[in-house]
Amino acid sequence: MSEIPEDRRYTKEHEWAREDGGRIVVGITDYAQDQLGDIVFVQLPDPGTEVSAGEPLGEVESTKSVSDVYSPVSGKVIDKNVAAEKNPQIINDDPYGEGWLVSVEGGGEEGELLDAAGYRALVEGSEG
Amino acid sequence: MTAASSRATALLDLHKELGAKLTNFGGWDMPLQYEGIVSEHTAVRTAVGVFDVSHLGKLRLAGPNAADVLDRAMTADVASLQVGEAKYSLVLTEQGGCIDDVFVYRMDRDEWLVVPNAANVFAVADAIKDAGGAPVDEWDRYTILAIQGPDSFELFEKAFPRSGATDLKLHHWAPMDVFGERGFVARTGYTGERGFELYAPVETSAEAFRKLLDLGAAPVGLGARDTLRLEMGYALYGHEISLDINPLEAGLGWTLAWDSPFRGREALEKIKADGPGRKLFGVVLTDRGVPRQDYPVFDPADVEIGRVTSGNYSPSLGTGIALALGPRELAPAPGSSVRIEARGRRIPGDIVKPPFRKRDAS
């Protein structure tokens with residue numbers, strides 16, 4: 001059963017967004033990393049890049065497949081997780097913590113985001 | 001023969017118990033991975049792993065004309081195998097395209113077992129029929145367990161004391177009692193490591209599988225089977241070989257017994273004389289990224305020189321590797337630089353002659 005923390009919101013494409021001091025930290029969910037399997041490559045946008053809600057901001061690739069990462073919000077990338085680029089396995093190990101991907105300074109606009117309960121229903125629908 | 005969709009490995013419940021993610025291979029639900037492809041791959045390279053590869057076909061061919069049939073159906077000289085020996089072969093069309101690659105075991109004086117890929121069982125059976133044979137489908141008779149890795153000999157002897165398996169030479173097999181049922185064990189594999197393939201009767205194969213796990217073998221899925229074979233540069237049907245790719249292009253000329261009357265020989269003699277149209281080459285990426293089938297390969301002048309046939313992340317090398325096929329006249333020399341375009345990004349790499357993982361590198 002996937003872990004789904006209450007302190008953040010989720011996209012239907014299995015990204016999470018958590019507010020942290022005015023920024024939005026973005027990553028992929030436990031369910032997403034489990035479905036992907038061993039992540040061996042992650043491509044992230046450089047700081048300064050403008051991203052749009054619902055549009056790809058980067059990609060994660062496992063031994064099995066490659067997936068776009070969709071931005072939960074619109075805004076400007078402030079920081080990216082260089083450690084995750086160097087050692088993508090930390091996304092598998094700790095998708096909600098050390099394995100975060102980027103932080104975005106929001107322009108306010110966001111995509112259709114689910115709360116933990118809504119996301120859990122989505123995931124359980126896929127698992128069931 | 002019944003439809004492939006009705007087949008299931010005898011170990012399906014065990015795989016589920018072990019938490020395997022399943023994938024469909026030729027109508028069979030098979031384990032893609034258990035713990036993870038990288039750790040399973042590493043287990044086979046450094047210790048020992050056990051794979052269920054029961055989805056592979058099992059076509060038995062018997063009778064006094066079987067040797068002549070195989071001479072016509074198989075590119076390799078399998079008819080002259082001794083009982084107890086096995087050999088890799090291709091099955092071709094009249095035009096020299098590959099219907100499949102198979103392993104052929106001589107089981108008895110007038111009896112052979114042909115092991116095709118799951119997706120090609122019916123096509124190989126048809127090729128054998130075209131050659132005048134009547135293959136019997138024994139797809140459900142054996143569970144095939146591949147026990148592979150540097151510790152495979154020690155493990156096998158512990159699990160099946162005095163079976164004689166550890167005395168076998170490469171590509172030899174011997175009958176074996178598997179918990180009271182008759183099966184056989186072969187010194188074959190698809191990983192580049194030493195090991196065995198155990199043809200365990202379905203009645204007792206779960207017991208054999210459990211025993212191997214209890215003694216420390218890591219369960220390994222088909223995901224790692226693919227990364228392991230790719231590191232060795234082994235061909236996979238639908239990637240390096242296909243109806244559209246002939247053996248000379250795929251670098252499999254060594255499987256062709258030119259003095260035997262195999263189907264496709266005339267076409268290949270002409271291709272050999274003219275020079276094959278394409279050539280297979282290997283690429284090791286020098287920057288981060290994962291090559292995938294059909295990604296284009298460019299030379300330093302931005303000329304497309306081929307397409308990836310198989311690509312993945314190499315757990316042993318820690319970087320992306322690929323086999324690629326392109327026009328022979330454009331084939332890059334070992335050591336030269338290329339770039340593989342992955343989703344709009346061109347990743348630099350070097351041309352190498354497979355295998356990507358040299359055996360003495362461990």
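Just so it is clear, the structure is predicted and the values come from calculations on it, not from any experiment. Just so it is clear: chains get the letters A, B, ... in the order the sequence lines come, proteins before strands, and each one is counted from 1.
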Problem - Neighbourhood of chain B inside residues 13-27 of chain A, taking heavy atoms under 4.5 Å as contact - result: none

Exercise for the section: Would you indicate whether the side-chain heavy atoms of B:R288 and A:V40 approach each other to under 4.5 Å? Expected result: no

Completion exercise
Note: vs chain A, highest number of non-hydrogen pairs under 4.5 angstrom among B:R292, B:R345, B:E35, B:H41 is B:R292

Practice task
Measure the spacing between CG of B:D287 and CZ of A:F41 and express it to the nearest 0.5 Å.
Solution key: 8.0 Å

Handout entry: Residues, nucleotides or ligands: over 12 heavy atoms within 6.0 Å of A:E112 CD
Key = no

Practice task
Say whether, by atom type as modelled, one donor and one acceptor occur between the side chain of B:K21 and the main chain of A:G37 under 3.5 angstrom.
Solution key: no

Practice task
Taking the side chain as every heavy atom from C-beta outward, state whether B:Q33 and A:K64 have any pair of such atoms under 4.5 Å apart.
Solution key: yes

Problem - A:T63 and B:N312, any side-chain heavy atoms less than 4.5 Å apart - result: yes

Exercise for the section: Check whether more than 12 heavy atoms from other residues, nucleotides or ligands sit under 6.0 Å from atom CD of A:E50, and answer yes or no. Expected result: yes

Handout entry: B:R343 to A:D68 - nearest heavy-atom pair and separation
Key = NH2-OD1, 2.5 Å

Completion exercise
Honestly, the part of B:T319 sitting under 4.5 Å from a heavy atom of chain A is neither

Handout entry: Which atoms of A:E85 approach chain B - backbone, side chain, both or neither, heavy atom under 4.5 Å
Key = both

